[in-house]
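Below is one structure; the comments refer to it alone.
Just so it is clear, the values below take in all heavy atoms, side chains as well, and ignore hydrogens, waters and symmetry mates. Computed from a predicted structure; not experimentally measured. Every number for a ligand or one of its atoms is a count from 1 in the order of the listing.
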Amino acid sequence: MIAKYIIKHGLELAHDIKADAFMIFTETGNSYEILKKLLKKSNNTKIFDILNIHKKLKIIVATPNKATYKKITKENIDSVYPLYIKHREDNRCMIISSGIVHALQLNILKDNYRIVAVVGEPKVPGKLDTIMVVNVKDHVKELELYKLFEELDEKQKKTLKEILKLAMEIGREGREGKYVGTIFVIGDTLNVMSMSKPLILNPFAGHDASIFDENVKGTIKELSSIDGAFIITDEGKVVSAGRLIECKGDINIKKGLGARHVAAASITKNTNAIAVTVSQSGGIVRIFKDGKIVFEADPRENILLLE
Ligand SMILES: Nc1ncnc2c1ncn2[C@@H]1O[C@H](COP(=O)(O)OP(=O)(O)OP(=O)(O)O)[C@@H](O)[C@H]1O
Ligand SMILES: [Mn+2]
């Protein structure tokens with residue numbers, strides 16, 4: 001029953017490093033029951049201390065399970081903050097990012113907080129196995145991305161996540177040792193097609209190519225060095241490659257970014273599409289929405305995000 005020890009040492013760690021919050025994730029509420037027993041048993045001085053100075057240490061119990069959330073809310077234990085998180089993430093880092101984003105949005109956490117998070121195997125109730133010290137501010141990138149995901153519907157979210165993973169791979173690996181740049185335009189496909197034209201015969205014409213298919217991803221990597229953009233529907237269908245975006249209106253993006261990034265800003269300003277670019281100079285991955293850069297990452301630094 002290591003869950004009990006994970007929670008106990010997590011709480012003590014929170015006490016030792018004077019963390020601002022202790023965040024635990026639970027599905028069935030079982031870990032919450034263990035936490036409550038620990039908080040009650042005041043023979044553990046550190047935990048007793050926590051309770052005494054508990055005004056400082058916020059105890060956040062995050063769950064994607066509505067029934068569990070209601071139960072914790074009803075019990076309304078002093079210094080325990082129930083947190084309902086909308087999605088079940090598929091890796092520990094995204095679970096923690098999700099908890100942080102939701103807690104930030106409810107003002108339970110502040111950007112300058114340091115927290116101790118306790119999390120387990122994704123989607124496996126009760127298997128707590130990780131204690132992580134997290135500075136909320138280090139997750140600002142994930143927070144930006146997470147907030148962006150929050151605005152999308154499930155289909156768009158899934159497609160954007162897959163394209164982002166692929167873009168990070170292209171940015172990190174390049175081709176034959178050289179950086180490769182490319183641009184993906186996701187969603188609002190009819191409008192996007194009407195605001196662009198083919199540079200080459202479309203290799204995806206007549207194919208039902210899905211971004212979730214490994215072979216299609218391989219083909220995209222092969223084609224990533226050709227000029228033009230990949231056009232993807234919200235559902236993840238690859239409609240076209242080698243598409244020249246017609247730029248319209250005044251676009252102001254940061255200096256040093258050229259035509260590819262201007263095209264991404266322009267198309268996302270003039271349609272509801274989201275664009276993902278990979279820069280040939282350095283592999284940086286950017287997401288554009290409504291004509292602005294809403295996310296930027298060096299694939300080498302942010303692999304954590306997508307593990
Ligand atoms: N309007 C456009 N639509 C689609 N692709 C474009 C468009 N403009 C440029 N590109 C693509 O971007 C490539 C690089 O152009 P440019 O160097 O001006 O862009 P950039 O923003 O500096 O990108 P990078 O950082 O990759 O160099 C072009 O060779 C072309 O393939
Ligand atoms: Mn360039």
Does Lys71 NZ have over 12 foreign heavy atoms under 6.0 Å away?
yes

With no hydrogens and no angle check, is any side-chain donor or acceptor of Glu162 less than 3.5 Å from a backbone partner on Thr159?
no

Considering heavy atoms of the protein only, find what lies nearest to atom 16 (P) of ligand 1 and give residue, atom and distance to 0.1 Å.
Ala259 N, 3.8 Å

Geometric N/O contact Cys247 with ligand 1, under 3.5 angstrom:
no

To the nearest 0.1 Å, how far is atom 21 (O) of ligand 1 from its closest protein heavy atom, and which atom is that?
His261 ND1, 2.6 Å

Proximity winner for atom 28 (C) of ligand 1, if only heavy atoms of Asp227, Thr277, Val262 are counted:
Asp227

For a side chain to side chain contact (heavy atoms under 4.5 Å, CB included) with Val185, tell me which candidate from Ile232, Ile245, Thr277 qualifies.
Ile245

Could you find the nearest protein heavy atom to atom 5 (N) of ligand 1 and give me its residue, atom name and distance?
Gly228 CA, 3.6 Å

The protein heavy atom nearest to atom 13 (C) of ligand 1 is Arg260 NH2, 3.4 Å

Between Asn270 and Ser266, do the side chains contain an N or O donor and an N or O acceptor separated by less than 3.5 Å?
yes

Using distance alone, decide if ligand 1 has a nitrogen or oxygen within less than 3.5 Å of any nitrogen or oxygen in Gly256.
no

Lys217 and Glu214 ion-paired at < 4.0 Å
yes

Identify the closest protein heavy atom to atom 26 (O) of ligand 1: which residue and atom is it, and at what distance?
Gln280 N, 2.6 Å

Heavy-atom pairs closer than 4.0 Å: do any link ligand 1 to the side chain of Arg243, the backbone, both, or neither?
backbone

Do Asp20 side-chain atoms and Arg114 backbone N/O form a donor-acceptor pair below 3.5 Å?
yes

With a 3.5 Å distance limit and no angle check, can you tell me whether Thr233 reaches the backbone of Lys237 through a side-chain donor-acceptor pair?
yes

Looking at atom 3 (N) of ligand 1, what's its closest protein heavy atom, distance included?
Ile245 N, 2.9 Å

Please indicate, with yes or no, if any protein heavy atom is found under 4.0 Å from atom 24 (P) of ligand 1?
yes

Below 4.0 angstrom, N of the basic side chain to O of the carboxylate: do Glu27 and Lys66 qualify?
no

Distance under 4.0 Å to a non-hydrogen atom of Ser279: what atoms of ligand 1 satisfy this?
24 (P), 25 (O), 26 (O)

A student checking ligand 1 against Ala263 at a 4.0 Å heavy-atom cut-off should list atoms 1 (N), 2 (C), 3 (N)

Between ligand 1 and Ile226, is the shortest N or O to N or O distance under 3.5 Å?
no

Would you mind checking if Lys123 and Glu89 are paired as a salt bridge, meaning a charged N to carboxylate O distance below 4.0 Å?
no

